[in-house]
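Chain letters run A, B, ... following the sequence lines, proteins first, then strands; residues in each count from 1. As the structure is a prediction and not an experimental result, all values here were calculated from the model. In what follows, every heavy atom counts, from backbone to side chain, and hydrogens, waters and symmetry copies are set aside.
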Number of protein chains: 2
Amino acid sequence: MPYNELRKDYLFDRWVVIATERSRRPTDLSKPKSEAAKTAVCPMCVGNENMTPPAVMHYQKENGEIKRSQDPPVGERSKNWLVRVIPNLFPAFSPPKQPVDEKQIVKNGCLWDAIGHHEVIVESPNHDEDPADAELPQLELVINAYIDRLKELSAKPYVKYVSIFRNYGLEAGASLSHAHSQVIATPMVPATIQEEQKASKAFYNAHGKCVFCDIIERETKGPRLVSEDEDFVVLAPYASINPLEFWIIPKRHAPNILNLTKPEISDFAKNLKVSLKALKDLVNDPPYNYGFHLALDPEDQNSYHWHLEVYPKLAIWAGFEKSTGVYINTVTPETAAGSLRKTVKL
Amino acid sequence: MPYNELRKDYLFDRWVVIATERSRRPTDLSKPKSEAAKTAVCPMCVGNENMTPPAVMHYQKENGEIKRSQDPPVGERSKNWLVRVIPNLFPAFSPPKQPVDEKQIVKNGCLWDAIGHHEVIVESPNHDEDPADAELPQLELVINAYIDRLKELSAKPYVKYVSIFRNYGLEAGASLSHAHSQVIATPMVPATIQEEQKASKAFYNAHGKCVFCDIIERETKGPRLVSEDEDFVVLAPYASINPLEFWIIPKRHAPNILNLTKPEISDFAKNLKVSLKALKDLVNDPPYNYGFHLALDPEDQNSYHWHLEVYPKLAIWAGFEKSTGVYINTVTPETAAGSLRKTVKL
């Protein structure tokens, strides 16, 4: 089977994966989306491990300690897991069948092979686990899994970026409801991240400091601060394009999450939980997406600062947004931060 | 009342209108969206003209001829219209209260006044008029209204771009179901359009020809052609980011629709109707957005080529798309074009 195609737009530096492995006839699209969620059997639940490919990694409790291992490529899959990472059954990006270098991935300037990885992180044996209500030790395991997968995937020579993200709720694109995140490793640095890294570098060269360190300094004093503790700041960004959008930014400058300390992991899990809980309480459990923004190239070490962006799905981007790239947000970031601030229980 | 704020992102050249006129408390967002559509009385229907501001323009039939006029600022509003253009009750961009120049609009690099216009084009007295099924003379009036509004708004000194777009279906952001389009005039050229114009100019400088003329030449021979007639080409673009996305491109090079001839207007209306009808028949009347892409600056006259982009709403952009700017499309443009081609009835 050939790889999916990664195609570039006629004009923009904008890429699309033409995902033929999950390819559908156009007429299939007329079925209501929600039917997908009504699958009788959840392939992510304990006992259904044989419905998925073997886990590339899982955490298990052995003699009171958390151990990391993986399923054998053939044969029985472990049922005794706390967090389980499996290849996506319909991957957008697929691993190379033999060693490749960048030249082999690029067919021409506008056509690449969609080589990479696409994994699902099953966050808990509990189908309905919600980070907003999860136990902190379980959520710390999920963050650990993010770090472990980032470490392994970013070491591969054909991987230039690793996107770690979560979709919550059918309207936010979560077609399966079992608690899960996703990891996609790509052969190029995606446009949005590249643009962010470029702008951060320009700021660093002009001002001799990291722009996110500067944002933290400015915003912690102002009306857009949601919460702040020893290690993290949660804020509603000045030009939020989503109602109630917030970012979680580490105070310690680091380009990515690879070297988070154990206390930082705990504190990040806590900030993630309480801010998602505040969102859930404030607007009746809305759908959302979150994604890590990070840098892997040592060149970005000083200028880029990792953070998590959380996008509640409370508005529809329509014809204006899609044709112009200009957004309309009906909730001011100051109102958003104020409401979340009052709701957050640290 | 102050103007809405137009804010720029910390890093990106990405703008958002913080639309305080339609501002809501965050808790209001938890109400189901669909309730908005269940308004008992439609403010766009004939007889309810007093529920809206006076029309800035309407077409009326007088003695068998179509006449253009407008409502008086005060007093009775005309009920005898075929197409009616009214200011949006909750405008994202508002006209200046006194003459302004660009310097007054820019508060600082990251904060502008959202000065401009936001209008609604009521496309027909018939509430359920659908361009896919409309009579061509009525649809020609709608295209005429697009041109008339573009002419008037683009002449204003503080207007740098005019976005003309349509949302169809609740899921595509049409909160009112009466057939309508929208027009937003902005004090800057929006990012997406600017980037497109810049790339088109670069292509023109490098190759001495317009990139869209080149696309037409290449795509009319290939598998992504939906239909073609004397004046227009309909195609599924090579790197479509939406399933079943298609563009309608005029064969005659022109930067915008201001100088469309009468036969071109008729032919565009026909292409719009039959391609939307094919989409409707193919996937059971899906929601969609469409938007014109055009250039107003004489500098772009040779390099930029207006066209209409139609985005069926058949997939959800989730955490991956939103964090990376890379898209996943499960229908190949070749399959999309093939299916639409078979369904189109010219």
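Note: A:Val17 leads A:Leu6, A:Val17, A:Asp13 in heavy-atom pairs under 4.5 Å with chain B. Top candidate by heavy-atom pairs under 4.5 Å with chain B, chosen from A:Arg166, A:Lys198, A:Glu219, is A:Glu219. Between chain B and the residues A:Ser323, A:Ser339, A:Gly325, A:Gly173, the most heavy-atom pairs under 4.5 angstrom are made by A:Ser323. Between chain B and the options A:Tyr288, A:Tyr327, A:Trp15, A:Phe320, the largest number of non-hydrogen pairs under 4.5 Å is found for A:Phe320. Looking only at heavy-atom pairs under 4.5 Å with chain B, the residue among A:Ile241, A:Ile164, A:Ile193, A:Asp9 that has the most is A:Ile241. The candidate from A:Ala114, A:Pro287, A:Pro333, A:Pro243 with the greatest count of non-hydrogen atom pairs under 4.5 Å with chain B is A:Pro333.
With a threshold of 4.5 angstrom between heavy atoms, B:Leu111 approaches chain A through its backbone and through its side chain. Of the atoms belonging to B:Gln194, not a single heavy atom falls under 4.5 Å from chain A. Residue contact with chain A, scored on non-hydrogen atoms closer than 4.5 Å, involves the side chain of B:Thr186 exclusively. Within the 4.5 angstrom heavy-atom criterion, atoms from both the backbone and the side chain of B:Pro237 approach chain A. Only the side chain of B:Asn167 comes within less than 4.5 Å of a heavy atom in chain A; its backbone stays farther off. For A:Val326, the parts sitting under 4.5 Å from any heavy atom of chain B are the backbone and the side chain alike. Contact of B:Lys322 with chain A is made through backbone and side chain together, with heavy-atom distances under 4.5 Å. The part of B:Lys313 that comes within reach of chain A is its side chain, from C-beta onward, which places non-hydrogen atoms under 4.5 angstrom from that chain. When heavy atoms are compared at a cutoff of 4.5 Å, B:Phe165 approaches chain A solely by way of its side chain, counted from C-beta outward. At a 4.5 Å heavy-atom cutoff, the contact between B:Leu11 and chain A is made by backbone and side-chain atoms alike. Neither the backbone nor the side chain of B:Glu309 comes within less than 4.5 Å of any heavy atom in chain A.
With no hydrogens or angles considered, a side-chain donor-acceptor pair links B:Asp285 and B:Tyr168 at under 3.5 Å. With hydrogens and angles left out, the side-chain atoms of B:Tyr304 and B:Glu196 include a donor and acceptor closer than 3.5 Å.
Aromatic ring orientation, B:Tyr146 versus B:Tyr290: perpendicular (interplanar angle above 60°, classes split at 30° and 60°). Using bins of under 30°, 30° to 60° and over 60° for the plane-to-plane angle, the ring pair A:Phe212/A:Trp247 lands in the tilted bin.
Side-chain contact between B:Val344 and B:Val226: present, with at least one pair of heavy atoms (C-beta onward) separated by less than 4.5 Å. Between B:His117 and B:Val183 the shortest side-chain heavy-atom distance does not fall below 4.5 Å. Contact annotation: the side chain of A:Leu279 approaches that of A:Pro312 to within less than 4.5 Å [non-hydrogen atoms, C-beta and beyond].
Note that B:Arg224 lies outside the cation-pi zone of B:Tyr238, set by a 6.0 Å cut-off to the ring centre and a 45° limit from the axis.
B:Leu170 and B:Ser175 make their closest contact through CD1-CA, 4.2 Å (heavy atoms, listed as atom of the first residue, atom of the second, distance).
Taking a 6.0 Å sphere around CD of B:Glu245, one finds it holds more than 12 heavy atoms contributed by other residues, nucleotides or ligands.
At a threshold of 4.0 Å, the pair B:Glu334-B:Arg341 does not count as salt-bridged, since none of the basic side-chain nitrogens sits closer than that to a carboxylate oxygen.
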